[in-house]
Amino acid sequence: MSKTLVVVESPAKAKTIEKYLGGDYAVRASYGHIRDLPKSDLGVDVDHGFEVSYEVPEDSKKHVAALKKALKANEDLILATDYDREGEAIAFHVASLLGVDPEHAKRVTFTEITRDAILEAFRRPREIDLKLFDAQEARRVLDRLVGYKISPLLWRRVQPGLSAGRVQSVALRMIVEREREIRDFTPVEYWSVDARLTPRGEDRPFLARLVSVPEGRIASAPDKKGVLLTAEAQAAAHVDRLREADYRVAKVESKERKEGPRPPFKTSTLQQEAARKLGFGARKTMTLAQRLYEGVDLPGEGTVGLITYMRTDSLTIAEAALREIAELVRTEFGAEYALAEPRRFKTKSRNAQEAHEAIRPTSALRTPDRVAAALDRDQLRLYTLIWQRTVATQMAQARFNQVGVDIDATAGTARYRLRASGRTMIFDGHLRVYAEGRDDGADDDGESRLPELTAEQLLSLLELLPEQHFTQPPPRFSEASLVKTLEELGIGRPSTYASIISTIQDRGYVRLEDRRFFPNDVGEVVTDKLVEHFPDIVNVNFTAEMEEDLDEIAEGDLQRVQVLRQFYTPFADALERAEEKFERYVEELD
DNA sequence: CAGTGAGCGAGCTTCCGCTTGACTT
């Protein structure tokens with residue numbers, strides 16, 4: 001019987017797809033990239049059109065051998081690697097290593113692993129997109145040139161074993177510059193005044209904040225417009241007059257506010273939430289997620305993958321999954337929690353390639369309770385987080401009653417205004433299942449319960465509470481906030497976020513203390529040298545500009561060699577100048 | 001003659017992005 005060999009990246013994915021495709025197909029995994037530039041040479045001929053030499057890394061040899069063997073046992077080859085730049089390159093390299101002409105190899109792509117999507121995709125194979133492959137190769141070569149040309153300079157002039165790269169050096173620079181902002185920060189003092197009030201003759205106290213004084217509106221912080229209470233004496237003068245004032249409700253504003261759920265998880269937000277809510281590092285989160293993805297033994301079901309692919313930048317949820325979640329919400333929580341139409345989310349991140357779905361349970365019906373016995377404690381905690389976040393995306397908005405109360409305080413001719421706000425939940429909606437965690441440092445918005453109040457109502461003053469504040473320096477990066485910022489800048493990919501964090505620590509550039517990044521001396525020295533000699537490359541916009549060029553290659557508007565030459569000519573000059581001027585760093589580094 | 005030490009030379013480190021084990025902490 002003649003069968004067709006299908007190649008994907010991941011063995012777990014291979015298993016699932018094989019199940020959907022049935023007996024005519026044998027599905028095997030490449031285990032990621034199987035061919036790369038050599039480890040110990042540049043592997044790029046910069047004088048001859050940036051020609052590359054590839055080799056199969058030692059660890060990939062067994063996988064290539066397995067694929068070759070599998071192709072012998074089958075008739076045909078279909079490359080079903082991810083629908084993105086890297087996936088296209090893997091397809092190209094697999095074809096060429098298996099002796100199939102990449103120009104005529106059969107290529108199939110899909111963005112969700114569901115039966116319908118797979119079967120549909122296999123109905124219409126296409127060819128490998130050579131322009132997209134060209135863009136990938138340009139990316140690969142550029143990263144190699146940056147990394148392998150600059151790093152040796154650091155070995156000679158700063159310390160052996162150091163490294164520089166398009167991604168890691170920008171990450172390091174952000175940490176170093178943040179530290180300097182903190183060092184240079186001068187706190188500015190300012191004051192606020194709160195009044196504890198109660199309706200006259202009653203005991204239902206609430207807090208209101210002083211928002212304007214006779215001279216004008218108060219600035220809530222030094223960088224805001226208005227009158228700033230800069231010293232205790234200034235606040236005290238107002239407090240003295242306010243002590244004698246008459247308080248009266250001027251206006252009560254009540255409106256309903258609605259709040260929708262957060263989008264489903266992608267790699268970066270999963271890492272952020274797992275850090276906030278569970279205290280997991282990025283590496284730990286990814287290892288646990290990998291286990292959930294690969295699957296666990298469930299009684300009666302065999303080995304089942306519990307979540308979709310965990311290295312993704314997509315917010316899309318498959319239609320079939322949306323239907324299943326909607327059904328679950330209706331039966332589990334009732335019709336008032338359900339949506340008339342599925343809620344869909346669009347990614348805002350630059351540079352997203354969206355080859356996969358969002359991270360979601362493979363079946364919402366596998367509730368955390370039902371899988372608990374098959375998971376260890378941390379796996380279950382992470383699964384629960386993913387399950388809740390996903391289900392919440394298909395639940396009704398939460399509704400709040402938002403009340404704002406303006407209060408006039410009159411002391412002789414002096415007129416003051418205070419404001420109290422409160423919020424009560426009318427309907428929990430999606431919050432019944434999941435509420436996003438807050439970063440520490442996020443200010444409590446001071447919203448609390450207010451008594452029923454009406455305009456013209458008279459109030460009694462119970463207490464005045466002047467409070468001293470100081471402006472705060474920006475916070476040091478955590479793993480999660482670093483990843484978040486990198487993603488916003490389009491730097492790094494879901495598969496590399498955790499390793500970026502490791503690299504800058506392994507090199508001794510930074511250290512984590514109380515889960516915050518602090519730069520070490522060597523990190524500061526390297527950053528200064530790189531900024532001095534390679535300002536264009538350690539710039540947060542460098543990757544974005546590179547991506548634009550890569551898009552043009554993929555569109556066929558530019559050639560790989562043009563982009564590389566345009567990059568390399570000035571880069572080679574900078575290298576030469578750095579070679580002359582980059583002074584050896586002599587001071588003792590620990 | 002055996003052991004020591006100075007001096008020399010060779011070889012290594014490194015990128016980003018795709019993927020799992022294998023193997024320590």
Side-chain angles (χ1 to χ4, degrees), chain A residues 7-15 28-44 52 56-60 62-64 66-67 81-94 133 135-172 267 283-284 286-287 289-291 293-295 309-313 351 353 355-356 486 490-500 502-504 506-509 526 530 534 537-538 542-543 546-547 550 571:
Chain A
V7 179
V8 297
E9 285 96 331
S10 139
K13 187 168 154 184
K15 224 175 75 183
R28 297 290 180 270
S30 74
Y31 293 79
H33 277 295
I34 49 161
R35 194 153 74 160
D36 195 12
L37 299 175
K39 193 176 166 332
S40 337
D41 293 317
L42 187 63
V44 180
V52 291
V56 178
E58 205 50 46
D59 291 349
S60 295
K62 55 179 182 289
H63 300 133
V64 173
L67 290 179
T81 47
D82 288 351
Y83 186 25
D84 58 21
R85 203 160 59 211
E86 299 296 327
E88 209 69 20
I90 293 172
F92 181 98
H93 289 303
V94 168
F133 166 64
Q136 190 276 344
E137 202 171 64
R139 197 280 305 156
R140 181 69 191 89
V141 168
L142 192 149
D143 281 332
R144 171 55 66 100
L145 291 172
V146 171
Y148 272 38
K149 290 285 191 183
I150 300 181
S151 299
L153 207 59
L154 297 175
W155 304 341
R156 295 195 299 272
R157 306 292 163 87
V158 183
Q159 199 178 91
L162 297 181
S163 64
R166 171 177 57 85
V167 171
Q168 60 169 290
S169 297
V170 175
L172 171 61
T267 305
R283 182 73 68 180
K284 175 169 183 170
M286 293 312 284
T287 306
Q290 177 89 31
R291 283 305 315 264
Y293 165 71
E294 283 170 3
Y309 198 56
M310 62 280 154
R311 291 183 277 264
T312 178
D313 49 21
N351 196 17
Q353 305 202 2
H356 306 275
L486 288 173
I491 299 171
R493 303 280 313 137
S495 65
T496 61
Y497 295 143
S499 50
I500 297 164
S502 303
T503 300
I504 54 179
D506 292 347
R507 298 288 170 270
Y509 291 150
V526 166
L530 294 179
F534 305 100
I537 288 168
V538 292
F542 182 75
T543 293
M546 175 193 80
E547 288 289 343
L550 298 183
F571 179 58

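All chains are named by letter (A, B, ...) in the order of the sequence lines, taking the proteins before the strands, and each is independently numbered beginning at 1. Everything numeric in this text was worked out from a predicted model, so none of it was measured. Computed from heavy atoms alone, side chains included, the values below leave out hydrogens, waters and symmetry copies.
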> Are A:Pro494 and A:Thr312 close enough that some pair of their side-chain heavy atoms sits under 4.5 Å apart?
no
> Look at A:Ser10 and B:dT20 and indicate whether a side-chain polar atom (N or O) is within less than 4.0 Å of OP1 or OP2.
yes
> Measure from NZ on A:Lys62 to P on B:dT20 and round the result to the nearest Å.
13 Å
> Respond yes when some side-chain nitrogen or oxygen of A:Arg156 is under 4.0 Å from OP1 or OP2 of B:dC12, and no when none is.
no
> When all nucleic acid strands are considered with a 4.0 Å heavy-atom cut-off, which category describes A:Leu145: base, sugar-phosphate, or nothing?
nothing
> Which part of the nucleic acid does A:Ser499 contact within heavy-atom distance under 4.0 Å: base, sugar-phosphate only, or nothing?
nothing
> In this structure, how many angstroms lie between the P atom of B:dC18 and the NZ atom of A:Lys13, rounded?
12 Å
> When you get a sec, tell me which of B:dG17, B:dT14, B:dT19 is the closest nucleotide to the side chain of A:Glu9?
B:dT19
> Would you say A:Phe542 and A:Arg166 make side-chain contact, with heavy atoms under 4.5 Å?
yes
> Under 4.0 Å, heavy atoms only, any strand: does A:Ala164 hit a base, just the sugar-phosphate, or nothing?
sugar-phosphate
> Determine the contact category for A:Arg493: base if any of its heavy atoms lies under 4.0 Å from a base atom, sugar-phosphate if only primed atoms, P, OP1 or OP2 are that close, otherwise nothing.
sugar-phosphate
> Applying a 4.0 Å non-hydrogen cut-off, can you work out what A:Lys149 is touching in the nucleic acid: base, sugar-phosphate, or nothing?
nothing
> To the nearest Å, how far apart are A:Asp41 CG and B:dT13 P?
11 Å
> Does a nitrogen or oxygen in the side chain of A:Thr496 sit under 4.0 Å from OP1 or OP2 of B:dC16?
no
> B:dC15 C1' sits how many Å from A:Asp36 CG, rounded?
9 Å
> Tell me: CD of A:Gln136 to P of B:dC15, nearest whole Å?
17 Å
> Ignoring hydrogens and angles, tell me if any N or O in the side chain of A:Ser151 forms a donor-acceptor pair with the backbone of A:Ala164 under 3.5 Å.
yes
> Let me know, please, whether A:Leu42 or A:His356 comes out on the 5' side of the other along DNA chain B by nearest nucleotide.
A:Leu42
> Give one of base, sugar-phosphate or nothing for A:Gly161, where a contact means two heavy atoms less than 4.0 Å apart.
base
> Judged by atom type as modelled, is there a donor-acceptor pair below 3.5 Å linking the side chain of A:Glu9 to the main-chain atoms of A:Gly87?
no
> How close or far is atom C1' of B:dC18 from atom CG of A:Asp82, stated in whole angstroms?
8 Å
> Counting only side-chain heavy atoms from C-beta out, which of B:dT14, B:dC16, B:dT20 sits nearest to A:Asp143?
B:dC16
> Go through the side-chain N and O atoms of A:Arg311 and A:Ser495 and say whether any donor and acceptor fall under 3.5 Å apart.
no
> Within the structure, does a side-chain N or O atom of A:Arg166 lie under 4.0 Å from either OP1 or OP2 of B:dG17?
yes
> In whole Å, what is the span from the NE2 atom of A:His63 to the C1' atom of B:dT20?
7 Å
> Check every strand shown and say whether A:Gly87 touches a base, only sugar-phosphate, or nothing at a heavy-atom separation below 4.0 Å.
nothing
> Given the structure, check if the side chain of A:Arg139 and the base of B:dC16 hold any donor-acceptor pair shorter than 3.5 Å.
yes
> Just call it for A:Arg507: base, sugar-phosphate, or nothing, with non-hydrogen atoms closer than 4.0 Å on any strand.
sugar-phosphate
> A:Arg311 side chain N/O closer than 4.0 Å to the phosphate oxygens (OP1, OP2) of B:dT19?
yes
> Under 3.5 Å, is there any donor-acceptor pair linking the side chain of A:Arg140 to the base of B:dC15?
yes
> Classify A:Val167 by what it touches in the nucleic acid, base, sugar-phosphate, or nothing, heavy-atom distance under 4.0 Å.
sugar-phosphate
> Can A:Trp155 be classed as stacking with the base of B:dT14, given a centroid separation cut-off of 5.5 Å and a plane angle cut-off of 30°?
no
> Could you please name the option among B:dC15, B:dG17, B:dT20 that lies closest to any side-chain atom of A:Ser163?
B:dC15
> Closest-nucleotide mapping onto DNA chain B: is A:Ser40 or A:Glu294 further toward the 5' terminus? I mean the 5' end.
A:Ser40
> Is there a donor in the side chain of A:Ser10 and an acceptor in the side chain of A:Tyr293, or the other way round, less than 3.5 Å apart?
yes
> Stacking between B:dC18 and A:Tyr31, yes or no? Criterion: centroid separation under 5.5 angstrom, plane angle under 30 degrees.
no
> Using 4.0 Å as the upper bound for N to carboxylate O, is an ion pair formed by A:Arg139 and A:Glu86?
yes
> Check the distance between B:dC15's P and A:Ile537's CD1 and give it to me in whole angstrom.
15 Å
